[in-house]
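Let me begin by presenting the structure, written as structure tokens, before commenting on it.
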Protein chains: 2
Amino acid sequence: MERGRGALGPALELVHTGRAPTRAVLTAELGVTRATAGAVAAELEALGLITVDARPAAAGSQGRPSHRLSVAPGGPVVLAAQIHADGFRAALVGLGGRMVATAPGCMTVPADPSHIIDAVVEAGAALLRETGRRCLGAGLAVPSAVAEPDGTALNPLHLSWPAGAPVRRLFTEALAKAGVPGPGEGPATGVTGNDVNLAALAEHRHGAGRGARHLLCVATGHRGVGGALVLDGRLHSGSSGLALEVGHLTVNPAGLPCHCGSRGCLDVETDPLAFLTAAGRTPGPEVSLLQQARDLLRTEYADPAVRAAAELIVDRLGLGLAGLVNILNPDRIILGGLHRALLDADPERLRAVVADRSLWGRSGSVPILPCTLDFNSLIGAAEAAWQPVLDDPLTVLG
Amino acid sequence: MERGRGALGPALELVHTGRAPTRAVLTAELGVTRATAGAVAAELEALGLITVDARPAAAGSQGRPSHRLSVAPGGPVVLAAQIHADGFRAALVGLGGRMVATAPGCMTVPADPSHIIDAVVEAGAALLRETGRRCLGAGLAVPSAVAEPDGTALNPLHLSWPAGAPVRRLFTEALAKAGVPGPGEGPATGVTGNDVNLAALAEHRHGAGRGARHLLCVATGHRGVGGALVLDGRLHSGSSGLALEVGHLTVNPAGLPCHCGSRGCLDVETDPLAFLTAAGRTPGPEVSLLQQARDLLRTEYADPAVRAAAELIVDRLGLGLAGLVNILNPDRIILGGLHRALLDADPERLRAVVADRSLWGRSGSVPILPCTLDFNSLIGAAEAAWQPVLDDPLTVLG
DNA sequence: CGTATTTTGTTTAGTGTCGGCACAAAGTCA
DNA sequence: TGACTTTGTGCCGACACTAAACAAAATACG
């Protein structure tokens, strides 16, 4: 009777990522008939997820103009949360990666994950109460590898949390405690993941990674280096969530010792502390290492010592990226954190090093881009929370 | 009217990989009703791809016994070909990875890829004429990275071929020349791939990799090291076919110089020549380096120098595998060539090294197994050739 | 030995989703 | 204004599947 149930998920994802601005292109993208695409759009509109403009858009070309398809402005949201070394942030994020409301917060109890998670979830719950939006899910990004299927944080070292903290359970419990409703009758179940992984997902959907088939992301936080891989639109997090732990690739055989037992790991050779040290600076305690490194790069790049340090780090990073290119053969690389700043400072040098050290010119010519999304880990947490809806809107929304 | 068209491909794959021995488990695996599974099986039988036993199998349990489902013994085949440093081999391979006929051959004109490919295809065509089997496709495995979408061999160094040889085009032309028919009316189009990649596919379907979600394969040929990754049953060959070029991971910072410009690469530190050299042997020209290395390992493992050399290579290999585990987080690793022999000689040492050097105990405990299939590259070439049939039997067979 | 139970396979009817097609709508182009 | 182009919709039929009843072939148990 009702048409377009099977294509509902793919259709929503197309509108969500902005690849289906009208029903006409939706028809083409889905590979169905206009009748089906129309039914799909009507169904998604009935579910309150998208809107179809009443007035047709201004037509520049021949033929009957299309009505614009867009994400429903007042539609449901997900609760997104991010925890990093400097604090936490909660937000409500709608379809299309739109941040509807946000509330930054300060980290008060660094040593106890449960307190922080409770606080950030409560901040999100407050936003839900204020806005009155319907909540369909919740996602949390943490600066640590998250083991599957347990949902434990294996190395939240820079948060001074205990290794193995059960973040997913804590998150779900906090959601229940704060009364955040799920799509059904019970409380929401939380999705939890590594921040770089989630950032990669966000960049793939809404940022510099759009359209990439095999997207590699590498980023520094304040300490260490994280990686992520998005394959055909799905995050590849390995069989137990621990893929792309790229911090211990050897990039300087005679380099600094690393806590992993080896020397010259990407982690200790290319993170903000490495850059500050190479530039002969002693980091201060006022602001984060990442901030200090970025500031140094921005304000004192003319200083030969700073420039030399930047080039040294770029060379090391290039070696690591080349190794990853040889293994993963991505068609795009996106950099975040300090690496992004280093790319901005001297894009050609990094590209040259990667091309030179990767095996084939073909894969060496892979584009390397800066990330483009603000709060990409937060948006990524939202993307992960949206995933069940994108996969099958009917099952979630009934 | 006719039931079970959509599930035809998945059903065939289940029978093909031996995961659906009866219609009852086919029903369960497909998640459909008995009626549909029965119709699917009937359709596949009508296409001549599978057989349903007339007599029910001996029933050990309660209830009506199931009829056995199996691959049709006299059914269609694909032409599979493999080229390696010592020669080439052609075979006809049916569903289920069954080698129906095979013909080894000697390499006569090493420097010219077109002659060898013509010869191996002609050998396969002869098998087709002899057996009178219907041919549904053709696959070729070569010891080189194969660039996509061009189908050129980038580093067929050990064959003394020119880099960039257009192997896919040559293969397809040879198939036309030899009159190998495709599924339709025209000649067959050839699938071409790297031998380790195809071997990994074969091991995943029929060998030690069955059931693995993220399967990593690493193998030596005569020189150098190859890698392959099978994700959720599909080969991951990267955006341009160059993924898993693992030979240039650094495993010994102070090691031998490599043609890639670095030192101590997996390629030069763990291949057969490296083992023979470490054991103080001077390789002779009679048999292949791989054969010499295997023989040495088998016959003189009691010799302390040989054993020490083996342990050295195992340690280096373990370092490389640990690096790959950190990046890919596979749930199984399969080794081939000399690496397989080294694993057989001392399984515990390699597992301990990998566990010690990979970041998390959890991913460090990944099972490491020897490959179990004879001629796995050849079977893998057949698997790649079967793929269109497995994806959609009706489109291929009409 | 015969009947009940269990599991498998088949037949028939019904249902839901989608393609095909005709038609309507809304613009541009000449 | 009329021809053309492109988009959207309503109706019908094809078809792949489910549901449910029935049939078949073994074991289990009295």
Side-chain angles (χ1 to χ4, degrees), chain A residues 1-12 14-15 19-47 50-70 391-395 398, chain B residues 1-12 14-15 20-47 50-70 391-395 397-398:
Chain A
M1 202 79 83
E2 293 216 54
R3 197 150 28 179
R5 303 307 196 86
L8 221 54
L12 181 59
L14 286 168
V15 178
R19 282 176 297 163
T22 68
R23 272 179 289 204
V25 319
L26 182 65
T27 303
E29 291 288 324
L30 289 177
V32 297
T33 60
R34 287 199 300 270
T36 303
V40 166
E43 178 90 27
L44 289 175
E45 196 178 23
L47 288 170
I50 73 169
T51 53
V52 182
D53 280 10
R55 302 255 146 258
S61 64
Q62 240 183 29
R64 174 173 173 176
S66 269
H67 298 239
R68 186 181 304 279
L69 252 43
S70 53
D391 285 341
D392 186 354
L394 277 184
T395 301
Chain B
M1 201 77 82
E2 292 216 52
R3 202 149 25 178
R5 304 304 196 87
L8 220 54
L12 181 58
L14 285 169
V15 178
T22 68
R23 272 178 291 205
V25 320
L26 182 65
T27 303
E29 290 289 324
L30 289 176
V32 297
T33 60
R34 286 201 299 272
T36 303
V40 166
E43 179 89 25
L44 289 175
E45 195 177 24
L47 288 171
I50 73 168
T51 53
V52 182
D53 281 10
R55 301 253 146 262
S61 64
Q62 233 182 40
R64 176 175 170 174
S66 271
H67 299 237
R68 186 182 304 278
L69 251 43
S70 54
D391 286 340
D392 186 355
L394 276 184
T395 300
L397 290 160

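What you see below is based on every heavy atom in this structure, not just the backbone, and it leaves out hydrogens, waters and symmetry mates. Here the structure is a predicted model, which means the values were calculated and not measured. Proteins get letters first, then strands, A, B, ... in listed order; numbering begins at 1 in each.
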Between [X] ([atom1]) and [N] ([atom2]), how many Å, whole number?
| X | N | atom1 | atom2 | value |
| --- | --- | --- | --- | --- |
| Glu29(A) | dT7(D) | CD | C1' | 17 Å |
| Leu26(B) | dT8(C) | CG | P | 12 Å |
| Asp53(A) | dA25(C) | CG | C1' | 17 Å |
| Arg5(A) | dC17(D) | CZ | P | 18 Å |
| His67(B) | dA23(D) | NE2 | C1' | 12 Å |
| Gln62(B) | dA4(C) | CD | C1' | 10 Å |
| Glu43(B) | dC15(D) | CD | C1' | 12 Å |
| Arg68(A) | dG8(D) | CZ | P | 12 Å |

Minimum heavy-atom separation for [X] and [Y], please, with both atom names.
| X | Y | result |
| --- | --- | --- |
| Val52(B) | Arg23(B) | CG1-NH2, 3.7 Å |
| Leu47(B) | Pro393(B) | CD1-CB, 4.3 Å |
| Glu29(A) | Leu14(A) | CB-CD1, 3.5 Å |

With 3.5 Å as the limit, what N/O pairs link the protein to nucleotides 9-12 of chain D?
| unit_1 | atom_1 | unit_2 | atom_2 | d |
| --- | --- | --- | --- | --- |
| dT9(D) | OP2 | Arg23(A) | NH1 | 3.2 |
| dC11(D) | N4 | Arg3(A) | NH1 | 3.1 |
| dC11(D) | N4 | Arg3(A) | NH2 | 3.1 |

Counting just side-chain N and O atoms, does [X] come under 4.0 Å of either OP1 or OP2 of [N]?
| X | N | answer |
| --- | --- | --- |
| Ser61(B) | dA26(D) | no |
| Thr22(A) | dT7(D) | no |
| Ser66(B) | dG9(C) | yes |

Q: Kindly compute the distance separating CZ (Arg34(A)) from OG1 (Thr36(A)), expressed to the nearest 0.5 Å.
A: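 So the CZ of Arg34(A) and the OG1 of Thr36(A) are separated by 11.0 Å.
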Q) How long is the gap from CD1 on Ile50(A) to CG on Leu44(A), to the nearest 0.5 Å? A) 4.5 Å
Q: Using side chain to side chain contact (heavy atoms under 4.5 Å, CB included) as the criterion, list what pairs up with Ala37(B), not counting sequence neighbours.
A: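 Here the qualifying residues are Leu26(B), Thr27(B), Val32(B).
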Q: Would you indicate which nucleotide in dG20(C), dC17(D), dG27(C) comes nearest to any side-chain atom of Thr33(A)?
A: dG20(C)
(Q) Looking only at the side chain of Pro65(B) (C-beta and beyond, no hydrogens), which of the listed nucleotides dG8(D), dA25(D), dT17(C) gets closest? (A)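 Out of dG8(D), dA25(D), dT17(C), the nucleotide with an atom closest to Pro65(B)'s side chain is dA25(D).
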(Q) Roughly what angle, to 10°, lies between the helix axis at the start of the helix from dC1(C)-dG30(D) to dA30(C)-dT1(D) and the one at its end, five pairs per end? (A)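 Comparing the axis at each end, I get an angle of 0°.
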(Q) Any base atoms under 4.0 Å from Ala37(A), or only sugar-phosphate, or nothing? Heavy atoms, all strands. (A) nothing
Q. Is there side-chain contact between Leu8(A) and Val40(A), with heavy atoms separated by less than 4.5 Å?
A.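 They are in side-chain contact.
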Q: Side-chain contact test, heavy atoms from C-beta onward, threshold under 4.5 Å: evaluate it for Thr22(A) versus Leu69(A) and give yes or no.
A: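 No - every pair of side-chain heavy atoms lies 4.5 Å or more apart.
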Q. Would you say Arg68(B) has more than 12 foreign heavy atoms packed within less than 6.0 Å of its CZ?
A.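 Count not over threshold, so no.
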